[in-house]
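Okay, so here's the structure we're looking at.
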Amino acid sequence: MKNRVLVNGINLVLVTLFCFPVNSEIMDGEELITVLPVILVTGFRIPGDVMKETVSYELIPAGQDINQATGINLFSNGPAGQNTSLFMRGTNSDHTLLAIDGVAIQDHSSLNGADDFGQHSLVGINTVEIIKGPMGSTYGPNAVAGVINFVTIPTTEKSIATGIGSYGIKRVNLKYGLNISNSTTASLNYIDNSSTGISIFPGGSEVDGYRNRGISLLTETQLGQGLKIRTTMIKSENKADMDTGTADDPNYLGEWTWENLGATLENNNNKLTLNNSSHKRSYINNGDIEHYNSKELTALGSHTFRFVKTNFTVGGEHKSISADLLTEGSWITSVDKSRTVNGIFLNGDHAIGRVILQAGARADLTTDFGRYSTFRLAGNFNQWRVSAATGYRLPSIYEMYGLDNYGFSGNSQLGSERSRSNEIGYRKGRLDVALFSVNVTNEIVYKTDPATFASTYSNDTSGISHSKGVEAKYGLNLFGLDIINNLTYLHARNSAGAEKLRQPSWKNNLSVTARAADNLTVRGSMTYISGRKDIDNLTYTTINQGNIILFNIDSVYQVTKKTNFYSKVLNLTNVNYQLPMGYQQYGRTVEVGLKINF
């Protein structure tokens with residue numbers, strides 16, 4: 001049966017081979033976006049466009065849902081503004097690294113090192129790059145499954161967008177950019193999104209709202225002879241009413257703040273970046289108070305040697321990381337630790353006719369762990385790509401040094417998790433297909449002694465956690481309709497051979513866009529998520545959740561050359577669902593808004 005499912009998935013991939021590239025326009029709910037040829041993926045940390053031919057990646061304009069991408073699953077503890085876990089290619093939520101302009105911005109204060117993707121407003125972000133497969137050879141630790149890279153580019157756009165919708169949704173997005181001089185561009189962006197919300201606990205009566213605000217200032221100055229300096233200043237904060245998943249909790253509040261300051265000096269062959277990222281989180285629940293703080297200071301430099309058919313990029317990186325946790329009330333824990341990571345990396349590519357060969361390696365020296373090395377070998381021939389890569393995840397500071405009043409104590413002897421991935425893919429025009437496998441060894445697991453109830457973390461050396469699957473993204477223009485379909489098949493198992501939690505075997509996103517009139521564009525979309533294993537929020541037993549099918553429709557009406565009116569209806573059929581179990585999601589949601597360029 002398992003083989004039959006895999007064969008059916010491959011057949012579905014193969015039938016897309018008739019697709020062909022076309023120029024098209026798609027919507028982000030506020031404006032039309034023209035799909036342009038990709039020149040550079042900044043998350044590769046290489047000033048060129050060769051490496052992308054050997055990698056699976058997707059570029060998502062800011063404001064669009066990255067959950068539509070292949071190989072990505074987002075599980076949120078409620079609607080917008082709530083804690084959100086991101087899973088890439090069947091790996092764990094702590095296996096994907098978040099970065100901005102190619103520099104890690106991980107929240108090291110989280111208990112398992114996983115980032116909360118749902119808190120980011122994406123203020124100041126132009127594009128979200130999804131880079132799939134271990135990137136340890138470039139980023140070092142914690143890029144076990146891949147990298148989500150936020151790209152910032154200052155523009156001269158001047159606009160204001162506002163919207164209102166169901167559940168008290170309110171949105172404001174202000175952009176003001178200008179050329180300060182012939183050599184300097186600056187852009188200011190302010191976002192304010194909020195909702196009165198719903199009860200996150202299914203059947204509850206107390207509504208859980210949120211407010212997410214962010215402000216950014218981006219600059220770019222041309223210094224002459226190809227040299228430029230870019231600066232990034234971002235502050236984003238989220239305040240949300242929360243529920244625990246087991247009860248309707250009127251006194252549970254969460255606050256999160258992220259600040260990022262960065263500067264990059266670069267030309268065609270050289271790059272020097274300094275970046276400081278800090279996270280602050282607080283939770284208050286019936287007298288219990290939790291504080292989590294994290295800082296990561298990064299210095300990154302690289303130089304590229306260019307020859308006729310061969311390029312080499314050599315670089316070095318220093319990370320200074322600190323995290324502290326302090327709780328008061330019924331759960332008491334306190335951790336205040338720091339660590340450093342120093343790494344050197346080398347990436348090279350060589351072109352022979354229609355063949356591209358790419359290789360990379362990195363060596364890291366980390367406090368508490370010593371030396372680690374990672375590699376990546378890849379090639380491309382006639383749009384076919386193949387790769388093998390490794391990565392590793394360092395234990396979180398809490399996993400190693402945490403201590404609480406319920407019998408938990410961290411394990412300072414933990415080793416890192418190691419991953420290895422193999423992939424073969426084909427990309428031509430709007431068709432992109434990949435078959436992949438990811439194996440993770442030495443996985444960190446939580447264990448409790450049934451006799452004493454003492455708990456800690458340990459490395460599972462008894463087996464291999466693995467996932468394998470197929471991703472297929474394709475698009476075509478048929479009878480004036482722009483059709484895009486993203487299909488993912490996933491087979492994910494833990495080291496004991498059991499199906500992983502919250503990893504649907506099948507996921508499909510289909511969208512059809514039509515220009516109904518010269519000034520009106522309409523898009524309909526469908527998302528299918530197959531059944532999956534989850535934890536019952538009341539009994540804590542493993543259960544099967546059923547399939548989910550969601551329909552959406554949105555439109556953009558161009559009132560004038562500088563004014564767009566947008567509307568959208570999400571969850572058109574008003575499906576009542578929880579994703580994950582115990583956390584209610586929005587029903588039918590109607591939203592309308594206006595964007596004015598000036």
Side-chain angles (χ1 to χ4, degrees), residues 43 57-132 135 139 142-152 191 193 195 200 210-214 216 234-240 242 254-260 277-281 283 292 294 296 393 396 488 501-504 507 509 527 529 579-580 583 585-586:
Y57 67 91
E58 294 189 45
L59 308 183
I60 310 295
Q64 292 193 22
D65 185 5
I66 78 161
N67 205 26
Q68 304 298 308
T70 58
I72 298 293
N73 284 298
L74 293 177
F75 283 77
S76 178
N77 292 353
Q82 300 297 323
N83 294 339
T84 301
S85 299
L86 185 149
F87 300 88
M88 183 183 292
R89 286 188 165 180
T91 61
N92 298 339
S93 60
D94 50 16
H95 287 163
T96 300
L97 185 69
L98 288 190
I100 184 167
D101 296 326
V103 177
I105 54 171
Q106 184 178 1
D107 183 358
H108 296 274
S109 68
S110 66
L111 300 188
N112 66 346
D115 283 291
D116 184 354
F117 189 82
Q119 306 300 312
H120 287 275
S121 65
L122 301 188
V123 63
I125 307 303
N126 299 82
T127 307
V128 179
E129 298 175 346
I130 303 173
I131 304 172
K132 304 172 188 177
M135 291 296 292
Y139 283 87
N142 306 323
V144 171
V147 175
I148 303 292
N149 184 47
F150 301 142
V151 180
T152 65
I191 289 178
N193 297 325
S195 170
I200 295 174
Y210 83 100
R211 186 177 186 185
N212 192 308
R213 296 184 295 175
S216 68
I234 297 176
K235 181 176 182 179
S236 184
E237 63 178 23
N238 187 73
K239 297 181 179 181
M242 305 171 68
E255 296 185 3
W256 174 90
T257 301
W258 173 58
E259 295 180 352
N260 194 86
S277 175
S278 65
H279 298 261
K280 295 181 179 180
R281 294 181 291 127
Y283 303 98
Y292 303 83
S294 168
E296 183 168 2
R393 178 179 88 84
S396 72
T488 302
L501 297 176
R502 301 176 181 175
Q503 300 285 6
K507 183 178 178 183
N509 297 294
T527 296
I529 303 173
L579 197 70
Y583 296 93
Q585 304 297 325
Y586 280 151

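These values consider heavy atoms only, across backbone and side chains, with no hydrogens, waters or symmetry-generated copies.
Summarising the geometry of W258 relative to S278, their closest heavy-atom pair is CD1-O, 3.2 Å, with the distance given to 0.1 Å. Across every non-hydrogen atom of E129 and L59, the tightest pair is CG-CD2, 3.6 Å. Contact record, M242 with I200: CA-CD1, 4.4 Å, taken as the closest heavy-atom pair. Shown here for N77 and P580, the closest heavy-atom pair between the two residues is OD1-CG, 3.9 Å. Between A99 and V147, the shortest heavy-atom contact is CB-CG1, 4.1 Å. Scanning all heavy atoms of the two residues, the minimum distance from V123 to I191 falls at CA-CD1, 3.7 Å.
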Item checked: N149/V128 under side-chain contact (heavy atoms from CB on, under 4.5 Å): CA gap, chis, key distance, verdict -> CA-CA 6 Å; N149 184 47; V128 179; over 6 Å; no
CA sep, side-chain torsions, deciding dist, call: I100, T152, side-chain contact (heavy atoms from CB on, under 4.5 Å): CA-CA 8 Å; I100 184 167; T152 65; 3.9 Å; yes
Under the side-chain contact (heavy atoms from CB on, under 4.5 Å) rule, what do M88 and I72 come out as? Steps first, then yes or no, please. CA-CA 5 Å; M88 183 183 292; I72 298 293; 3.8 Å; yes
Using the rule given for side chain to side chain donor-acceptor pair (under 3.5 Å), can you reason through T84 versus S76, listing the C-alpha separation, both sets of side-chain angles and the distance that settles it, and then say yes or no? CA-CA 4 Å; T84 301; S76 178; 3.2 Å; yes
* Asked: Which is it for E296 and V103 under the side-chain contact (heavy atoms from CB on, under 4.5 Å) test, yes or no, and what are the steps along the way?
  -> CA-CA 10 Å; E296 183 168 2; V103 177; over 6 Å; no
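Counting only residues at least two apart or in different chains, ring pair (Phe, Tyr, Trp, His ring centres under 6.0 Å) contacts with residues 79-109 comprise F75-F87.
With sequence neighbours left out, the side chain to side chain contact (heavy atoms under 4.5 Å, CB included) criterion links S195 to Y167, I169, Y210, Y586.
Checking side-chain atoms of T257 against main-chain N and O of K280 turns up no donor-acceptor pair under 3.5 Å. Between the side chain of Q503 and the backbone N or O of T91, at least one donor-acceptor pair lies under 3.5 Å. Put simply, the side chain of D65 gets close to the backbone of N67: a donor and an acceptor are under 3.5 Å apart.
Taking the six-membered ring for Trp and thresholds of 30 and 60 degrees, H279 and H120 have ring planes more than 60 degrees apart, a perpendicular arrangement.
Of the charged side-chain nitrogens involved, at least one lies within less than 4.0 Å of a carboxylate oxygen, so that D107 and R281 count as a salt-bridged pair. For K132 and E58, the salt-bridge test passes: some basic side-chain N is under 4.0 Å from an acidic carboxylate O.
Contact check for L579 versus I529: side-chain heavy atoms found under the 4.5 Å cut-off. Using a 4.5 Å heavy-atom cutoff, the side chains of I66 and L86 are in contact. Residues L97 and M135 have side chains not in contact (no heavy-atom distance under 4.5 Å, counting atoms from C-beta outward). When side chains are defined from C-beta on, Q68 does not count as touching I60, because their heavy atoms never get closer than 4.5 Å.
We find the CZ-CZ distance between R213 and R211 to be 4.0 Å, quoted to the nearest 0.5 Å. Expressed to the nearest 0.5 Å, how far OG of S93 lies from CZ of R502 amounts to 9.0 Å. Expressed to the nearest 0.5 Å, how far OG of S277 lies from CD of Q106 amounts to 10.0 Å. Atom CD1 of I148 sits about 11.0 Å away from atom CD1 of I105, to the nearest 0.5 Å.
N112 and S396 are not linked by any side-chain donor-acceptor pair at a separation below 3.5 angstrom, with hydrogens and angles left out of the test.
Looking at N212, D116, N83 one by one, the single match for side chain to side chain donor-acceptor pair (under 3.5 Å) with N238 turns out to be N212.
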